[in-house]
Chemist: 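Shown below is the structure under consideration.
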Amino acid sequence: QVQLGESGGGLVQAGGSLRLSCAASGRTGSRYAMGWFRQAPGKEREFVAGITWSGGNTDYADSVKGRFTISRDNAKNTVYLQMNSLKPEDTSVYYCAAKNTPKYSGIYYYTYEYDHWGQGTQVTVSS
């Protein structure tokens, strides 16, 4: 079992930056593709960014392309989401998720594809 813990959320003005971290503990020896999702009140959880186990491939939702960057440090069992040029519409609870990929590791876009989830961290962007 893998446990995920997000940190780095907070309140920021529009145009500002935040860096979220997601630390994995437990059975971290397996290969996991990782994703960041977000959920605003009254809305469904949506894909934000994904990264393969090796970190060689990434992808982003159109709404964050060019502003957000996902990265990972497997030695530290940590995934990051650097968020720049934040907008009020980025306000959400942000979740990291892990998908066990023992053989092929791709980018996964749907919540049902992931095996493990963190508790989330609140990001609030003021206008």
Side-chain angles (χ1 to χ4, degrees):
Q1 190 76 330
V2 170
Q3 293 79 43
L4 303 175
E6 302 94 337
S7 61
L11 174 64
V12 64
Q13 288 190 331
S17 298
L18 284 174
R19 188 175 84 153
L20 305 183
S21 298
C22 172
S25 60
R27 294 188 62 182
T28 57
S30 298
R31 295 159 54 102
Y32 290 95
M34 300 295 293
W36 284 98
F37 288 74
R38 66 187 182 187
Q39 187 168 19
K43 294 188 176 182
E44 293 187 355
R45 194 169 296 189
E46 64 176 3
F47 172 82
V48 175
I51 189 167
T52 55
W53 180 84
S54 67
N57 287 315
T58 60
D59 201 7
Y60 301 88
D62 288 343
S63 58
V64 306
K65 277 182 181 176
R67 300 188 298 121
F68 290 11
T69 302
I70 187 172
S71 62
R72 67 190 298 164
D73 184 339
N74 286 345
K76 296 182 179 179
N77 296 317
T78 302
V79 176
Y80 306 96
L81 186 67
Q82 178 66 43
M83 304 186 297
N84 299 329
S85 302
L86 283 160
K87 304 175 181 180
E89 51 264 43
D90 294 319
T91 295
S92 284
V93 178
Y94 283 72
Y95 299 89
C96 68
K99 175 178 173 61
N100 190 8
T101 56
K103 295 183 179 180
Y104 169 76
S105 179
I107 305 292
Y108 301 92
Y109 298 89
Y110 300 100
T111 57
Y112 66 81
E113 296 182 287
Y114 286 83
D115 303 305
H116 308 284
W117 290 85
Q119 294 299 307
T121 185
Q122 176 70 46
V123 172
T124 302
V125 185
S126 63
S127 56

Chemist: With a 3.5 Å distance limit and no angle check, can you tell me whether T121 reaches the backbone of S7 through a side-chain donor-acceptor pair?
Modeler: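 Judged by distance alone, no pair lies under 3.5 Å.
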Chemist: Keeping the roles fixed (side chain from Y95, backbone from Q39), state whether a donor-acceptor pair exists under 3.5 Å.
Modeler: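 Not at all, since once roles are kept as given, no pair shorter than 3.5 Å links the two residues.
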Chemist: Enter the distance from I51:CD1 to N57:CG here, rounded to the nearest 0.5 Å.
Modeler: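 One gets 9.0 Å once the value is rounded to the nearest 0.5 Å.
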Chemist: Got a sec, which residues hit side-chain contact (heavy atoms from CB on, under 4.5 Å) with A98, two or more places apart in sequence or on another chain?
Modeler: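 For A98 the side-chain contact (heavy atoms from CB on, under 4.5 Å) partners, ignoring immediate neighbours, are L4, Y32, M34, H116.
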Chemist: With sequence neighbours left out, what residues match R67 under salt bridge (charged side-chain N to carboxylate O under 4.0 Å, His left out)?
Modeler: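 With neighbours one apart ignored, the set is D90.
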Chemist: To the nearest 0.5 Å, what is the distance between CD1 on I107 and NZ on K99?
Modeler: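 Output value for this atom pair is 12.5 Å.
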Chemist: State the NZ-OG distance between K87 and S127, to the nearest 0.5 angstrom.
Modeler: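 One finds 14.0 Å between NZ of K87 and OG of S127.
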Chemist: Measure the OG-CZ distance between S17 and R19 for me, rounded to the nearest 0.5 Å.
Modeler: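 Between atom OG of S17 and atom CZ of R19 there are 12.0 Å.
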Chemist: Step through the shown structure and confirm whether more than 12 heavy atoms of other residues, nucleotides or ligands are within 6.0 Å of CD on Q122.
Modeler: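 Correct, the count exceeds 12.
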Chemist: Whether the side chain of N77 engages the backbone of S25 through a donor-acceptor N/O pair (distance < 3.5 Å, no angle test) should be reported.
Modeler: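 Flag not set: sc N77 to bb S25 has no pair under 3.5 Å.
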Chemist: Which residue pairs pass the disulfide bond (SG atoms under 2.5 Å apart) test with at least one member in residues 72-127, sequence neighbours excluded?
Modeler: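 Non-adjacent pairs meeting disulfide bond (SG atoms under 2.5 Å apart): C22-C96.
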Chemist: Side chain to side chain donor-acceptor pair (under 3.5 Å) with S71: which residues, sequence neighbours excluded?
Modeler: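 With neighbours one apart ignored, the set is empty.
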Chemist: Are F68 and L18 close enough, and set up right, to give a side chain to side chain contact (heavy atoms under 4.5 Å, CB included), and what steps lead you there?
Modeler: CA-CA 10 Å; F68 290 11; L18 284 174; over 6 Å; no
Chemist: Please identify each residue that fulfils side chain to side chain donor-acceptor pair (under 3.5 Å) with Q82, with sequence neighbours left out.
Modeler: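 Once residues adjacent in sequence are excluded, the partners of Q82 under the side chain to side chain donor-acceptor pair (under 3.5 Å) criterion are N84.
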Chemist: Show every salt bridge (charged side-chain N to carboxylate O under 4.0 Å, His left out) that has at least one partner inside residues 39-49, sequence neighbours left out.
Modeler: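 Checked against salt bridge (charged side-chain N to carboxylate O under 4.0 Å, His left out) - neighbours excluded - the pairs reaching residues 39-49 are R38-E46.
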Chemist: What distance do K65 atom NZ and T58 atom OG1 have between them, rounded to the nearest 0.5 Å?
Modeler: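 It is 9.5 Å, given to the nearest 0.5 Å.
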Chemist: So how far is it from W36 CH2 to L20 CG, rounded to the nearest 0.5 Å?
Modeler: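 Between atom CH2 of W36 and atom CG of L20 there are 4.5 Å.
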Chemist: Check L81 against Y94 and note the closest heavy-atom contact, atom names and distance.
Modeler: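 Minimum heavy-atom contact is CD2-CD2, 4.2 Å.
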Chemist: Between E6 (side chain only) and G120 (backbone N and O only), is there a donor and an acceptor less than 3.5 Å apart?
Modeler: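 Judged by distance alone, yes, a pair lies under 3.5 Å.
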Chemist: Holding to side-chain contact (heavy atoms from CB on, under 4.5 Å), I want the full list of residues that pass it with T78, two or more places apart in sequence or in another chain.
Modeler: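 By the side-chain contact (heavy atoms from CB on, under 4.5 Å) rule, T78 matches S21, A23, K76, Y80.
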Chemist: Taking only residues two or more places apart in sequence, or in another chain, which ones meet Q3 in a side chain to side chain donor-acceptor pair (under 3.5 Å)?
Modeler: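 By the side chain to side chain donor-acceptor pair (under 3.5 Å) rule, Q3 matches no residue at all.
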Chemist: With Y112, which residues qualify under side-chain contact (heavy atoms from CB on, under 4.5 Å), at least two apart?
Modeler: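 Residues passing side-chain contact (heavy atoms from CB on, under 4.5 Å) with Y112: Y110.
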Chemist: List for me each residue that meets ring-ring contact (aromatic ring centres under 6.0 Å, His included) alongside F47, sequence neighbours excluded, and say none if there are none.
Modeler: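 Applying ring-ring contact (aromatic ring centres under 6.0 Å, His included) to F47 gives F37, Y109.
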Chemist: Could I get the full list of side-chain contact (heavy atoms from CB on, under 4.5 Å) partners for S54, not counting sequence neighbours?
Modeler: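 Residues passing side-chain contact (heavy atoms from CB on, under 4.5 Å) with S54: T52.
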